[in-house]
Student: 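Dropping the structure in here first, questions after.
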Amino acid sequence: RRGAARASGAGTLRDAAAAVQRERTAQERGAAAQTRETRGSKPAHRPPPQVRLNSFAAPDAADRCTVRTRTMENAAAYTMLVLGGNAKPTADQVKAVVVAGGKAEPDEESIAALIKDMEGKELAAVIDAGMEKIKDVPMGGGGGGGGGG
């Protein structure tokens with residue numbers, strides 16, 4: 001039964017990824033058709049897509065967030081490959097995982113930099129070194145419980 005549950009879970013993930021891909025393709029086709037229809041007329045104004053952190057974010061925060069997102073996607077893909085048994089993933093393998101995750105155009109420069117940074121290093125050692133760096137960072141915490149009476 002557990003094997004069946006895993007298989008159905010993997011199928012569900014694949015089905016969800018396929019549904020997202022179909023939706024994106026449909027949206028792109030709709031946008032292309034709309035562009036053809038409005039070619040003769042003045043195109044509608046569309047603000048550039050931005051990642052909004054919060055209303056108090058610095059003006060360049062959207063750009064910084066996008067860069068972090070790309071880096072995290074690549075690091076996650078690399079980690080999944082290592083956890084899957086591939087001790088030294090290549091840039092093409094990382095790119096394939098990122099594309100399979102729904103990214104149409106992965107950042108190849110960022111992937112190449114990640115592969116270069118990981119040369120000669122074990123993923124577990126890199127994670128341990130990172131955990132050592134943040135172990136003293138205050139993470140907040142709950143206050144004491146209230147009196148019950």
Side-chain angles (χ1 to χ4, degrees), residues 1-36 38-39 43-144:
R1 274 195 157 216
R2 287 186 180 173
R6 285 186 190 148
S8 69
T12 303
L13 181 59
R14 279 192 211 108
D15 295 343
V20 168
Q21 187 62 35
R22 283 192 302 271
E23 183 178 323
R24 285 184 182 165
T25 303
Q27 288 173 351
E28 290 170 1
R29 285 183 189 149
Q34 186 178 16
T35 302
R36 281 185 295 237
T38 60
R39 234 180 231 154
H45 173 72
R46 291 192 184 137
Q50 294 182 353
V51 177
R52 243 342 265 164
L53 297 176
N54 61 43
S55 59
F56 302 107
D60 65 336
D63 296 331
R64 286 185 282 145
C65 185
T66 303
V67 169
R68 277 191 220 121
T69 302
R70 272 190 251 132
T71 304
M72 290 304 296
E73 287 172 348
N74 300 336
Y78 186 94
T79 303
M80 286 192 293
L81 287 164
V82 172
L83 291 173
N86 185 349
K88 298 291 178 192
T90 65
D92 289 336
Q93 292 168 333
V94 172
K95 181 179 176 183
V97 171
V98 172
V99 168
K103 189 77 168 186
E105 296 179 23
D107 183 9
E108 294 185 30
E109 290 177 17
S110 178
I111 293 172
L114 172 67
I115 297 297
K116 183 179 177 190
D117 288 344
M118 293 300 293
E119 278 182 15
K121 298 177 185 175
E122 294 292 323
L123 180 64
V126 172
I127 291 172
D128 288 343
M131 294 302 286
E132 189 64 30
K133 288 180 182 179
I134 67 166
K135 73 176 185 178
D136 295 326
V137 175
M139 300 288 182

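In this text, all values refer to a predicted model and were calculated from it rather than measured experimentally.
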Student: Rounded to the nearest 0.5 Å, how far apart are OG1 of Thr79 and CG of Leu83?
Tutor: 6.5 Å
Student: What heavy-atom pair brings Gln93 and Asn86 nearest, and what distance separates the two atoms?
Tutor: OE1-ND2, 2.8 Å
Student: If you look at every heavy atom in Ile111 and Lys95, which pair is closest and at what distance?
Tutor: CD1-CA, 3.9 Å
Student: Once salt bridge (charged side-chain N to carboxylate O under 4.0 Å, His left out) is applied, what residue pairs with a partner in residues 16-26 remain, sequence neighbours excluded?
Tutor: none
Student: Tell me every residue that passes side chain to side chain contact (heavy atoms under 4.5 Å, CB included) with Glu122, counting only those two or more places apart in sequence or in another chain.
Tutor: Lys88, Ala125
Student: Please name the pair of heavy atoms, one in Ala87 and one in Val82, separated by the smallest distance, quoted to 0.1 Å.
Tutor: O-CG2, 4.2 Å
Student: Please report the interatomic distance CG(Leu81) to CG(Leu123), rounded to the nearest 0.5 Å.
Tutor: 10.5 Å
Student: Please name the pair of heavy atoms, one in Asn74 and one in Ser110, separated by the smallest distance, quoted to 0.1 Å.
Tutor: ND2-OG, 3.0 Å
Student: So that I can tick it off, tell me whether Glu119 and Lys116 are bridged by a salt bridge, with the cut-off set at under 4.0 angstrom between side-chain N and carboxylate O.
Tutor: no
Student: Is any side-chain heavy atom of Ile115 closer than 4.5 Å to a side-chain heavy atom of Thr90?
Tutor: no
